[in-house]
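Reviewing the structure listed below.
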Amino acid sequence: MSFPLFSQTEENNGSRDSIVMLLKEYSRTKDGNLPQKAFLIAEQTKIDSVLKKTYFDFGLQSYFNKDTANIKLTERKLHKLFIQTKEPATLAKQYYYKSLFHKVQLRADSAFYYLHKSKNISIQLKDSLEATRRLLSMAAIQFFEKDFLGSEITIIEGLRLVEPLEEVFFTGLLYERLANVLFITERQEEARKNYLKFFELQKRIPKVKLKYEKVRLNLHLAKTYEAEQNYTKAIEYFRKCLLVDSVKVKSTYRYEGALEGFSFSNFMLGNKKLALKGYLEVLKSRQARGHKRGLIFSYSLLGAFYADDNKKKKAIFYAEKALKVAKEIRQSAKTSENLLFLSDLVKGEKGRQYLEARATLNDSLYKRERGLKNQFAKVRYETEKKEIENRLLKQENSRKKLELERQRQQKVIGWLLAGGSLLFIGFGVSIVFNRRKKMIFEAKLQQVAIREKERQQIAKSLHDEVAGDIRMLHLKLATNKHLEEAGKLEVIKENVRNLSHQLSSESFDSVTFKDQVINVVSDFFESNISIKIQEIDAVGWLKINNSIKRTLFLSIRESIQNTHKHAQATVLILEFRETKKAVFLTISDNGKGFDTAIKQKGIGLKNMQERIEEINGVFFIESALDQGTTIHIQIAKYGI
């Protein structure tokens, strides 16, 4: 009996080993065919945990490899997995990899938008650590795009989430990022305090190489003193970094930063010979590593050194090299800095051209920075505004019902408190809590039923009274040969008739839910849309409350009409699913879709969302240009 189980385990372990080997090879060779091979192996195991880890690992490595095709593939795989499992955490990861795709494409606004969506899902799931990771990435984007105030706000939000967890690694990174913002905004004393907080947290991380983290700290502190033009103090801390044994080999980029800072501070104090020696050593190291971003700094500093030494040709030579590399890797700030430097060094027409190019670049940078700051703020504002509005609306809707329910429950709670033991009381409170939720849910369903009855009465009045009066008037006009007016009235009569039909729906006591869905689908048989109904019989509709069925029916009718009018789709699929606690409806089409980051929902979709959320349902839309639209609806059957 145990042999097949052992064999299956052995096979799965072999699959995991193969995936690990492929990941190592992908990291080494950057062969774009390897992720697909790993995904196929993982999918054959049919184990969700293996699938997720494979997608996560290869998606992240694809980002490090700047492999946009495989980042996109990972995002699509996670989307498919989310459709199968309906797990919000998987959707949060999908949004994260979507943000990485936009980040590689240098689309900071889109990357920030999807990080924000991913973070919000993690907060709803109460996964503070995952939300903190997203906030770190958001703060980095804002810092890079010079939205320093926005970056500081984002970091503080992350600290509020993660500090109660007493986690040290990400808390430390947040303090370091905060110190970087304080440094760049010239608040050096505050920056030093936060760098020290970061180091204290680093000391609590197991197996951390503390002497290199001390180099990291001293390098930060040296930079703050350098910014204050306290070059003697800066040299003291730069020297501490350089004296750490093996730092040149084990942490080369920090060694380069320390030697460069040490050399610059000496240059500012007049020790030019020592400064030049350090500059040239750093340049040689960076050239050997091919570190282009570092080379910009080396070339720029050498240009400034030779300009100060009245060696104009050498100064121009290094400034032009710095400009070339800055343009190559899109370092806009350094491009602007070197254009200004060259405009001062080079006289005549060429110097004027450098100055003009700088003015044009700065203008475009200013517009970009301002636009991105506005975009970042808009993403936050719209999300927070919607959350506040929804919260206030729910509070207002629930207040009166809760007050009435509170009065009813007081007697029950009093009886339970007098009942006996603490265990029994705890059990009783649990029952009361669930009952309260159920009664509130039933009250909401009753409201839906009352509103539907009102809709039916309006529809009946439109059909029997308004339409009847219009028919009589139409007959009189036609009899008196007022044919033009009669024709216009006929259009009005038809509109009233259509409106009455839209407002009305059959009673679910006389016509089953399935038949009503089939009836509304049959109205579109002559259109170009093929409508498919899947798993409708898998749901026990007789046990589902009529108000829930009516809400689902109205959602289906609204969706079909929207698809017919706007989506240019050829296929629409209605898929049903039921669990012990909830009923699910997924409505998907292959139409033109729309960008949910830009386009707001129309009134039909908003009404649909409000109806569903009014009865504690969950509603969200996925759509993208040329990729169709999918609406996910989940409604609890008993409100618990």
Side-chain angles (χ1 to χ4, degrees), residues 27 64 129 132-133 136 139-140 143 155 158-159 162-163 165-184 187-228 230-269 271 274-275 277-291 293-295 297-298 301:
S27 175
F64 294 143
L129 193 58
T132 299
R133 292 188 179 112
L136 267 167
F143 185 89
I155 291 165
L159 286 170
V162 78
E163 283 193 318
L165 305 178
E166 297 185 359
E167 188 275 344
V168 293
F169 180 75
F170 289 103
T171 309
L173 288 180
L174 283 167
Y175 275 116
E176 185 181 36
R177 290 271 171 86
L178 179 58
N180 290 341
V181 172
L182 295 167
F183 166 77
I184 206 73
R187 291 174 281 173
Q188 307 306 338
E189 186 63 35
E190 290 181 71
R192 286 190 282 270
K193 290 178 182 177
N194 282 279
Y195 283 133
L196 289 168
K197 285 182 182 178
F198 156 71
F199 182 67
E200 288 303 312
L201 289 163
Q202 291 295 98
K203 290 195 292 188
R204 292 166 55 188
I205 299 175
K207 298 181 181 179
V208 69
K209 294 182 178 178
L210 204 58
K211 66 178 180 179
Y212 298 124
E213 293 306 311
K214 192 66 178 288
V215 172
R216 183 174 176 178
L217 170 67
N218 287 330
L219 192 54
H220 283 315
L221 296 175
K223 286 292 184 182
T224 65
Y225 288 115
E226 181 185 276
E228 292 176 335
N230 187 348
Y231 300 115
T232 302
K233 194 74 172 176
I235 287 172
E236 177 188 335
Y237 280 94
F238 283 130
R239 184 179 279 112
K240 287 180 180 180
C241 300
L242 297 171
L243 290 176
V244 174
D245 64 304
S246 72
V247 67
K248 185 175 181 178
V249 176
K250 298 293 185 180
S251 189
T252 306
Y253 72 97
R254 285 182 186 142
Y255 174 80
E256 291 170 352
L259 181 56
E260 184 173 74
F262 177 81
S263 303
F264 175 76
S265 292
N266 273 286
F267 171 75
M268 296 304 292
L269 293 175
N271 302 322
L274 188 60
K277 181 183 177 182
Y279 285 163
L280 292 175
E281 183 181 341
V282 173
L283 174 63
K284 185 178 179 181
S285 175
R286 285 170 173 167
Q287 285 174 333
R289 291 199 302 124
H291 186 216
R293 189 171 183 275
L295 283 172
F297 287 89
S298 288
L301 288 170

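Note that the numbering runs from 1 along the sequence shown for the chain.
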Could you tell me how the ring of His220 sits relative to the ring of Phe198: parallel (under 30°), tilted (30 to 60°) or perpendicular (over 60°)? perpendicular
Closest heavy-atom pair and its distance - [X], [Y]:
{"X": "Phe169", "Y": "Glu167", "value": "N-OE2, 2.9 Å"}
{"X": "Phe238", "Y": "Gly257", "value": "CE2-O, 4.2 Å"}
{"X": "Asn194", "Y": "Ala179", "value": "CB-CB, 3.7 Å"}
{"X": "Arg177", "Y": "Leu136", "value": "NH1-O, 2.9 Å"}
{"X": "Asp245", "Y": "Tyr212", "value": "O-OH, 4.1 Å"}
{"X": "Glu226", "Y": "Ala234", "value": "N-CB, 3.8 Å"}

Closer than 4.0 angstrom, basic N to acidic O: yes or no for Glu200 and Lys197? no
Between Glu176 and Arg216, is there a salt bridge with N-O shorter than 4.0 Å? yes
Counting heavy atoms not belonging to [X], are there more than 12 under 6.0 Å from its [atom1]?
{"X": "Lys209", "atom1": "NZ", "value": "no"}
{"X": "Lys214", "atom1": "NZ", "value": "no"}
{"X": "Arg289", "atom1": "CZ", "value": "yes"}

Distance (rounded to the nearest 0.5 Å) between [X] [atom1] and [Y] [atom2]:
{"X": "Ser298", "Y": "Lys284", "atom1": "OG", "atom2": "NZ", "answer": "13.5 Å"}
{"X": "Leu221", "Y": "Gln188", "atom1": "CG", "atom2": "CD", "answer": "10.5 Å"}
{"X": "Cys241", "Y": "Glu236", "atom1": "SG", "atom2": "CD", "answer": "11.0 Å"}
{"X": "Thr171", "Y": "Leu165", "atom1": "OG1", "atom2": "CG", "answer": "7.5 Å"}
{"X": "Tyr253", "Y": "Glu256", "atom1": "OH", "atom2": "CD", "answer": "10.5 Å"}
{"X": "Leu182", "Y": "Ile155", "atom1": "CG", "atom2": "CD1", "answer": "8.0 Å"}

Can you check whether Phe267 reaches Tyr231 side chain to side chain, under 4.5 Å on heavy atoms? no
Side chain proximity check, Val282 to Leu301, heavy atoms < 4.5 angstrom: no
Judged by atom type as modelled, is there a donor-acceptor pair below 3.5 Å linking the side chain of [X] to the main-chain atoms of [Y]?
{"X": "Ser265", "Y": "Gly261", "answer": "yes"}
{"X": "Asn271", "Y": "Leu274", "answer": "no"}
{"X": "Ser251", "Y": "Val247", "answer": "no"}

Would you kindly say whether Gln202 and Tyr175 are connected by a side-chain donor-acceptor distance under 3.5 Å? no
Side-chain donor-acceptor pair present, Asn180, Tyr195, cut-off under 3.5 Å: yes
Could you check Tyr255 against Leu219 for side-chain contact (heavy atoms from CB on, under 4.5 Å), going step by step and ending with a plain yes or no? CA-CA 9 Å; Tyr255 174 80; Leu219 192 54; over 6 Å; no
